[in-house]
Each structure stands twice: as structure tokens, then as C-alpha cells.
Amino acid sequence: MTHWPLLTLVTFLPLVGVFFIMLARGDEAVVARNARNIALSTSVIVFLLSLLLWIGFDPNTAAFQFVERANWVQIGGFEITYHMGIDGISLFFVLLSTLLTPICVLASWQSVHSQVREYMIAFLVLETLMVGLFSALDFVLFYVFFEGVLIPMFLIIGVWGGPRRVYAAFKFFLYTFLGSVLMLLAILAVYFQTGTTDITVALTHHFPAGLQKWLWLAFLASFAVKVPMWPVHTWLPDAHVEAPTAGSVILAGILLKMGGYGLIRFSLPMFPLASAYFTPLMFTLSAVAVIYTSFVALAQTDMKKLIAYSSVAHMGFVTMGIFAVTSEAVQGAMIQMLSHGLVSAALFLCVGVVYDRLHTRDIDRYGGLVTRMPAYAFVFMAFALASIGLPGTSGFVGEFLILLGTYRVSTLECFLAATAMFLGAAYMLYLYRRIIFGTITRDDLRGMLDLSFREKAVFAPLILLVLWMGIYPNSFLTPIRASIDHLVAQVNAATAGAALHASLN
Amino acid sequence: MAIVVVFLPLLAAVIAGFGGRAIGDRGAELVTCAGLIVSAALAAVVFYGILGQHDAQIIPLASWIVSGGVDVSWSLRLDTLSGVMMVVVTLVSAMVHIYSIGYMAHDPHIPRFMAYLSLFTFFMLMLVTADNFVQLFFGWEGVGLASYLLIGFWSDRPTANAAAIKAFVVNRIGDFGFALGIFTVFVVFGSLDFGTVFAKAPSAVGTTIEFLHWRVPSLTLACILLFVGAMGKSAQLGLHTWLPDAMEGPTPVSALIHAATMVTAGVYMVARLSPMFEYSATALAVVGVIGGTTAMFAASIGMAQNDIKRVIAYSTCSQLGYMFFAAGVSAYGAAIFHLFTHAFFKALLFLGAGSVIHAVGGEQDMRRMGGLWQKIPYTYAVMWIGSLSLAGIPLFSGYFSKDTILAASWAAGDAVGRYSYCLGTFTAFLTAFYSWRLIIMTFHGKPRADAETMHHVHESPWVMLIPLFVLAAGATVAGYFTRGFFIGEGRTAFWKASILVLPAHNSLGGVESIPAAIAYLPLVCALLGIAVAYLCYMVRPGIPAALAMRFRALYLFLLNKWYFDELYDRLFVHTAFVLGDGLWKTGDGTIIDGLGPDGISAATRELAREASKLQTGYVYHYAFVMLIGVVALVTWYLIPR
């Protein structure tokens, strides 16, 4: 397996697609058609290739696999290596990225008709950056990918977005910019401490306890915005509302996971003492996020905003699980992120389906769709239930493990977060009722067509995955296990060591 | 074979649900009914096999969640308790499936309806055959989903949609407790498998756990939290508000889900977890008090309702209370026995009510019925049988189970037992009263429906009547023939290890030795109830109205269901929406955005405007500033250091 630079191939193959799209010539319709076809075939091939990562993945080790290493930049003593590799923490984020890209391309097949070529290029570039950031093992490389993601995302919202896209993009920028600068400073500090930008070295480095807190906070500044944690979440509803459907899919599916990934990848192992120190803070913010945004979601009149707020609540579970630092909770957080990546992406696609037909996201404009669109009603129901966390869907496994793992650490935190069980059901079913049930009162609703074959093809793999993850989650838990157990043991050993040290003094 | 019993309904649901358009209404009905009949027949065979074996049989299906210390599997647990439930569920479900062919004949969405019914049956079977807490929860939530879908089946009715959401959310509040209970079990026992947990339960006595900063006995905490889940599913006091509203669903649904099976899941759970509850006297007392109170409370409301289905719904709520207080005095056998007989007579009453509603063209208000008995004699007869059984008249099934429960409560001898006995006996009076009130208002007196409706009143087709007869047979004789196993001498050999009763809690053993007056009092109360109903509604129809006028406050209190809905709406529903709106507009909008991005951008604009004022364009202004700068610099360097 190692003879093939599989990871590099998966990362950069989309750029080959970009190259071919750029070659496309002819009138606009021809270019658009070619761009769509090239983007779809490229992303499907990339997805199939990325499956090899899963097949070849050894679940018994916590070490990085498919590692590739090459000298990249060397200036004096400062050297940056092209260092890539994945472990149980990153594997499924890579797969999620490669899965959602073709789905995004398919979902935009008809809804995007201006500047199709540029649109498809943006998504393929985005794919490279996403895969890259989840598999980068060098800080500089990571930072380039991490920040690079924002550029195509900005363009997708800014060019193909809704009427208030400038405000949304500006808000997004203001939040992320501050976080990024602080993270860059922290990365520099890490470099000066360890003498290298190699992430694998930094992960096992012992940072002084005092410094840990500052670095932890600086990293948090970036990750908390991405997650997004309360109270830095307000960019998300606006960004979602303005983004085109596929933009929302990536935003909810991948971009939010960058924050959770960062917390698990960097904050926990590098700064275990600071993580333990700040756990009460994280628990508080998570519980607030879950309860606060659930209530806010109940009051929404815009479909996308409602789902955006529900995302904040679901990601509150993730941050809670991560900082509970038990095997169950952190693995649950991983599953919750994957599940949310599929489910919220699918829910935004569901919104996209009716938006394409009626061009409004106002919940009150809908109602009674079940009579005209039974297949759509079924699909929407399936994902709404997964979002509620019904057992047998992916949403349950994540929530269950997180709550169970957290209960062992703090019953109060678990108690507060578990209220999402009925709050989530309330806002989701209330949304569903207003859109799907009731009687049709308007003529334009009466003429709505049910899902097309293309739309069914978009939803089918997502439904299957949601059920698979809910009924037999071990396919996903097994590859994750070694890495997470290793991480949890490492963090607990560090905090236990510090406690022992303190008691000896 | 048990695998076939459980998964055949799922298969039927999938075929009918997704292939409904291909196989048509008839095809969907055929597939689901055939599936359920086969499933019911096999369930009987499986049950017969269970009787012969000594230990619980576990059929592993697949691994489910393995993470950290959690290791749960998909599996089927076959013992007497799950066997009884399998038989009840598949039998009643098969009857309801067949009945639905007639009842739903004019509905445009027959395949969907049949698929939901079969899907429900699958989840219910998964629930009763679970061998661990998580699969129990899976079935639990699954039946909740099916219930939601079926209550809201007529989705063009706003009331049905509201009732569906209410059912799901209120159940979820119960499940919130259930889930916390599961976590507590895991922390205390380190496992979620029934076998392991039950084996360790005695050793957990006396241990404590910290919960929300309180130190509490761990076993009691776990049991009470789990019981909160049971309260939600079985509509016990406080979490009962969804059940009456659930009557918005088609009547076969009410019979299957909201009478015979799903709502009894809470009782099943307590019986299943008897090896835990037995070791926590506090938890048992809670179960008993809640059960006894609910029995009386729900029956009192049932007296004043005018919707035929709502009367039966409150009756269900009340009868579930009986089952719980039986469990509260460790008479689990009697609780399940009552569950068993109740499944027959309550499903019968609901389906009979459905037959009435069918006959009068969809009318459910008893004030617009009356005088129907000659036109629908079979329905009339089965309603009598169901009511006799419900009221606990000797030789009918309900008599044996209900009487045993009350006798066991007295025999238990403790305060909770006495409390339940008193309320339960009074409830027996109420039960008989509202049952005959229903019968008389519906079938006797002058017809209160308009002539047009009365002209169209017709007996239901055979496809509806046959299930009624089957259930009527069960409501009549099932109790008599099975009482020896459930509650009699043979009960230990029958239940084996599936139910645990500590020797000190053997309340069923004492039922023979209670005073005769105590033993006959419930029957006397029931007969009195019938007599009073006869007097009030048959002989002197003016009495109820006069009483309602005389005790207006009490009447309104009962009519409005103790004002629970109004209270909850004001307290929770309204508050939640106001809170959500406030947090959104004030919290997110004014505070976070105001101080955050919008505030910063406003401040930046302000700063820029201020800064731009400096650029006046006058040369002497710039020259003057430069001069100051030069002076400052020179001064800085001239200062001796």
C-alpha cells in the first residue's frame, strides 16, 4: 500500500479535475455541461480512491498510517516538510469530505446556472483543501489548508449566495480572522518550544503547564468559532441563510467539523493540563449551547436558520463529549460529528429541494407537501428523526455515547445536555409539521413535483449511511477506537501525573 | 423461529410501505395481514417452547455498539415474560390488522397505514425481546415513532398533527429520565446487559452515587429514573396528557397502540426489571403511589367526558395505574396478568367504539348518539362483554386480574398497599359507572343523531366483526383459563426466573387469606357503579345535569381534565416559545451581535469617521501637526539619559 502515495493522490486529484475544467471551451452551455460532468466524475473517482484508505486502514494501531514525507521548504534551520498521514481521528473526516463533494456537485446540477465552471472549480479546490487539512502532519501545511478552505467558501457564499451575502461573509470573516491570528501565534509558540513544525513531534511534547493555558486559549479562539460554540455562533445562521445549498452542505458537513477535529487533534493531546483546567468552562458553554440554541431554533421562521441553530446544539454535544475525556464520550463525539456531517448536510439538501421549486425558505409559505411529495416527505422524515437521535439512526449512537461518557464525569452536565432529547424533538417535529403536514392552501404548492431521479440519487447514499451508522456503528467505531483510546489514556496520564506532582509538593 | 416472529412484521412493513404503489391496496393488506397472522401463529409455537425450557434463551443477532466500557448487542431474549408479551402483541396486532381492512376501506392511503401498523408491531416485539437496556430503548423509541406517525396519520387535520407532536415530545420527556436511568445503571453496574445487571443488583444495595450534587442510593436512583420513562410511555399522572389527545389517530391505532400494547410497555419494563426494583423499597413505593393515584385520577376524568374514545382512553390510563400499583406491591405476575386481560377487553372496547363510529358516519360525541342497539346488535353485544370484563364482573377475564391486584395490595400490608387498595376499590366504582354511562349514552334512550345519520346506521362488515368476536372470546374466558399460571399456584413454575419476587414481598401468596369483606368490596363497588349509572342515565336522565349544575366547579374540574393541559400550556409550551424568541432576538441579536461583530464594525466605522475628520485638506493644519511631531522628536533625543 505504501508504494502508492494514496493520500497525496486523494488530496490533489481534484486539482487535476480543475485543470480539465479550465480546458473546457465552447459556448456557455457546453462549458457548463462539461464542467458538471468533469467535476462529478473527478469527485466520484476521488471518493472511490478514498475508500481504499478505509479498506487498507489498520484499526489496531493508534499510529499514523499512509504516511508520506518529503522535504518541502528549507531556509536555514527552519524547515517545513510535506508530511501527510491519517489515523483513526482523521480517517472518516477525509471520507466525509470526499463523499460530500460529489453530492454537492449533484445537488447543484440544476440550481446553479451562472458561472458553472468557476463554481465547480471552487468545489474541487475546496475538496483538496479539506482532505489536506485533515491529513496534514506539519503545522505550516495544516495552517495553509485550514485557512485556505475559507477562500473558496467565501467565494461560494459571496458569488452564488443570497441577497445579504456581503453581511454574512463579513461577519464570518470577522469571527474567523481573530481566531486564525491567535492560532497562528500559538503555532509559532509551539514551534519555538519544540523546534519543529512537525505535528507528530508536538503531539508528544510536554508543554509547561503555564504556557499550556495560553496556547490552549489561542487554539480555542480558532476552533470555537468553527464549531461554532456559544457565544461565537451567530455567524453560522447568517452564513447558512446566504450560502447556496451546496455551500451549506459543506459548511455544516465539513467546516464545523474542522473545529471539533482541531480540539481532538491538538488541544487535548498537546495541552492536557489546560484542557482539564478549562473543562468546567467548556462544559458550561456546551450546555448553554445545547439548551439556548434549542429554544432559539423553536422560534425560527426560516428553514435554514432553524437547521443552523440545531447544528449549534448538536455541536454543543461534541464539545461536551470531547472534554469529558472518557473513551465513550470522545468516540461518541467522533460519531456525532460524522453523523451530523451526514444529517445536517442532508437536511440542508432537503431545504434546497423545496427552495429550488419555490424560492423561499419561509416556513409559513409551505404546508401539506406530503400529498404532493410523498417521497420527499419520507426522506425529510428520515433525516429529521436522525437529527432527533432516534435509536437505529446515526444520531442516536453519537448522543448516547457522549451522554453516557459524560455522565461518568458530571451528572449535572449530562442532565442539562440530555434535555436536548425533548427540546430537539420539539423544534424538529414542529418544523416538519409546518412544512409537510396540514392542508395545501396555495396553488404554487399544489404544483410542486416530487423528488426527481437525480435528487433521489443524492439522498439514497445518505440515508443508507445514516442507517448503517445507527444499526451497525462498529464499522465506524472500530477504526476510531485505537486512536481515541490512546488519546484518552495519554490525557488522563498527563493529568494524573500533574495531580500526583501537585500532591507531592 | 423467534427471529421470524420479530422480523416478519418489519418485512411486511417494508413491502407495503415502499411497494404500496406496485402491489396496490389489496396487496398491501394481504401482505401485512398474512405476515401478522403467520407471526402470531409462530409466536404461539415459540411460547409453547419457552414453557418447556428452564432458563431464558438468548438469540444473538449482531453486535451493536462497542465503545469504551459499552458493549451491547442486538439479540432476542426468550423467557416467559417476553413470551407472554409476544403472544399478546402479535395476536392483538393481527386482529387489528384484519379489522383495519374494513375500517380503513375508504381511506386513500391504505398501504401506508398498514405499513405503519406492521412497523409498530416490529418495534414492539424488539422492545419485549430486548436483552439489554439499549435495545429496550430502541424498541421504546421505535414504538414512539410509530405512535407519532399513526396519531398524525390524517395529516390534514391540525388537531391530529398537534396531538402527534405532543405524544412524541411528552414521551421524550419521559425518555429523558429513562436515558439518565440507563446511564446510572451503566455507572453502577458497568454493563447494560440484563443478565449481568440483574446478577449484580443485590450487591448494589446500600451503595450510593452522586447525582446533581446529591448523594443518593444508587439502585433507587436508577429505578426511579427508569420509571420516569415508564410514566411517559404508560401515561401516568403528570405525563399522561398525550394519551387522550392521541385519540386523534384512527381507531384501530387506539386499540392496538394506545390500549393493548405500547402503553403497557412501562408495566412490562417494571416487571422486566423486577430484579432491580425488588431491592429498592423506595422505588417500589413510588411506583405504587403513582399507579394508585393515576388509577383514581384518570377514572374521575373519564366520568365527565363526552367523546366515546376519550372515555376509553382515560379508562386505559386508569387501568395502567392498576397495573403499576400491582407492581408496586411486587405482584408483577398480577400486573402482567391484568396487562394480558386488559389487552383483550380494552382492544375490544376500542374496536367496538370504532364500529360505532363507523356506523354513525364518524361521529364520536356520545351526546349525538343513543338508541343504536337494535341497529348494531353485534357491536352492542361485544361492548357489553368488554365493559363487563373491564368492570370486573365475575367469570369475565378482567375480574380475575383486577380482583387479584386489589387483594394483593391489601395483602401486602404496608401503607402503599393500603393506599392503592382504597383508591383502587373506589376506582372500581368509577370504572363501572363510566362504562355503563358509555353504554347507555351510546346505545339506549332516544336517538340524538339526525334522521339522515340514523337512516345510514349499519352493522360493520364481517372483516371487522370477526376480530371483535375473537377479542370478545378472550375478554370472556382468557382470564379464567390462564389464571392458574399467571397468579395461581403454578405461578413460580410459570414465570421461572423472568420475574423476581423476594420472599418478603410475596403479596400474591397472601391473597387467599384476606378478609372476605375486603375481597368482595371491589365487586360490590362495581355493581354499585352499574346501578348508579343505570339510575342516572336510564331511569332518571335528569340527574347528571342537575348534579353538574349543583357541583359546577367539580364538574368543570373533571370535564377539563383537572386543567393539566391549560397548566402545561401556560407553564411550558408558551414559555418555551417566548424564551426562544427572546433568546434569539435579544440574546443573539442585541447582546452577542451588538457587542460582537456588529458592535465592532460600528465602532470601526465610527473610528474611521473620526479619523477622516483629521484630513481637513488645509496645508497649515498638516504643517502644524508636522511641527509638533518634529518638536516632540527633538525633545525626545535631547533629554539626557
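Computed over heavy atoms, backbone and side chain alike; hydrogens, waters and symmetry mates excluded. Quantities reported herein were computed from a predicted structural model and do not represent experimental measurements. Chain A is the first sequence line, chain B the second, and so forth, proteins listed ahead of strands; every chain is numbered from 1.
Annotation: maximal heavy-atom pairing with chain B below 4.5 Å, among A:Phe295, A:Tyr167, A:Tyr309, A:Tyr427, occurs at A:Phe295. Among A:Val488, A:Ile388, A:Ile440, the residue with the largest count of heavy-atom pairs under 4.5 Å with chain B is A:Ile388. By number of non-hydrogen pairs under 4.5 angstrom with chain A, the leading residue of B:Gly142, B:Ser155, B:Pro108, B:Gly152 is B:Ser155. Ranked by heavy-atom pairs shorter than 4.5 Å toward chain B, the options A:His233, A:Gln300, A:Lys171 are led by A:Gln300. Looking only at heavy-atom pairs under 4.5 Å with chain A, the residue among B:Val66, B:Asp581, B:Asp156 that has the most is B:Val66. Ranked by non-hydrogen atom pairs under 4.5 Å with chain B, the options A:Leu412, A:Leu298, A:Leu429 are led by A:Leu429. For the set A:Thr293, A:Ile335, A:Leu390, the count of heavy-atom pairs under 4.5 angstrom toward chain B peaks at A:Leu390. For the set A:Ser327, A:Ser294, A:Gly438, the count of heavy-atom pairs under 4.5 angstrom toward chain B peaks at A:Gly438. Per-residue heavy-atom pair counts under 4.5 Å with chain A were compared for B:Asn171, B:Leu579, B:Asn161, and the maximum is reached by B:Asn161.
With a threshold of 4.5 angstrom between heavy atoms, B:Ala576 approaches chain A through its backbone and through its side chain. Heavy-atom distances place the backbone of B:Glu210, and not its side chain, under 4.5 Å from chain A. Residue contact with chain A, scored on non-hydrogen atoms closer than 4.5 Å, involves the side chain of B:Val134 exclusively. Looking at B:Leu192, the atoms closer than 4.5 Å to chain A (heavy atoms on both sides) all sit in the side chain, from C-beta outward. The part of A:Leu401 that comes within reach of chain B is its side chain, from C-beta onward, which places non-hydrogen atoms under 4.5 angstrom from that chain. For a residue to count as touching a neighbouring chain, one of its non-hydrogen atoms must lie under 4.5 Å from one of that chain's; by this rule B:Ala164 does not touch chain A. Both the backbone and the side chain of A:Tyr430 come within less than 4.5 Å of a heavy atom of chain B. At a 4.5 Å heavy-atom cutoff, the contact between B:Leu583 and chain A is made by backbone and side-chain atoms alike. Neither the backbone nor the side chain of A:Ile480 comes within contact range of chain B; no heavy atom of the residue lies under 4.5 Å from a heavy atom of that chain. Heavy atoms closer than 4.5 Å to chain B are found in both the backbone and the side chain of A:Leu403. Both the backbone and the side chain of B:Val169 come within less than 4.5 Å of a heavy atom of chain A. Contacts between A:Pro237 and chain B at a heavy-atom distance below 4.5 Å are absent for every atom of the residue. Proximity to chain A is limited to the side chain of B:Phe18, based on heavy atoms less than 4.5 angstrom apart. Using a 4.5 Å cut-off between heavy atoms, A:Trp235 makes no contact with chain B at all.
Atom CZ in B:Phe186 sits 4.5 Å away from atom CD in A:Glu328 (nearest 0.5 Å). Of the inter-residue distances, the one linking A:Thr411 atom OG1 with B:Ile209 atom CD1 reads 7.5 Å to the nearest 0.5 angstrom. Between the CD1 atom of B:Ile65 and the CG atom of A:Leu404 there is a distance of 9.5 Å, given to the nearest 0.5 Å. Of the inter-residue distances, the one linking B:Ser67 atom OG with A:Leu477 atom CG reads 5.5 Å to the nearest 0.5 angstrom.
B:Trp64 places no side-chain N or O within 3.5 Å of a backbone atom of A:Asn474 that could act as its donor or acceptor partner. The main-chain N or O of A:Ile471 is found under 3.5 Å from a side-chain atom of B:Trp74 such that the two form a donor-acceptor pair. The main-chain N or O of A:Ala426 is never found under 3.5 Å from a side-chain atom of B:Arg172 such that the two would form a donor-acceptor pair.
For A:Phe396 and B:Phe137, the gap between ring centers is short of 6.0 Å. Under the 6.0 Å cut-off for aromatic ring centres, B:Phe153 and A:Phe437 do not qualify, their centroids lying 6.0 Å or more apart.
Between A:Phe400 and B:Phe183, the ring planes lie tilted relative to each other; the angle falls in the 30° to 60° range. Ring geometry, A:Tyr407 versus B:Phe211: the interplanar angle falls from 30° to 60°, so the pair is classed tilted.
Of all heavy-atom pairs between B:Gly68 and A:Gln331, the closest is N-OE1, 4.0 Å. When all heavy atoms of A:Ala299 and B:Gly580 are compared, the closest pair comes out as CB-C, 3.6 Å.
Within the 4.5 Å cutoff, no side-chain heavy atoms of A:Met421 are placed close to those of B:Phe178. Between A:Phe422 and B:Phe168, the closest side-chain pair of non-hydrogen atoms is not below 4.5 Å. Looking only at side-chain heavy atoms (C-beta outward), B:His109 and A:Pro374 stay at 4.5 Å or farther from each other.
Within a 6.0 Å sphere centred on CZ of B:Arg215, heavy atoms belonging to other residues, nucleotides or ligands number more than 12.
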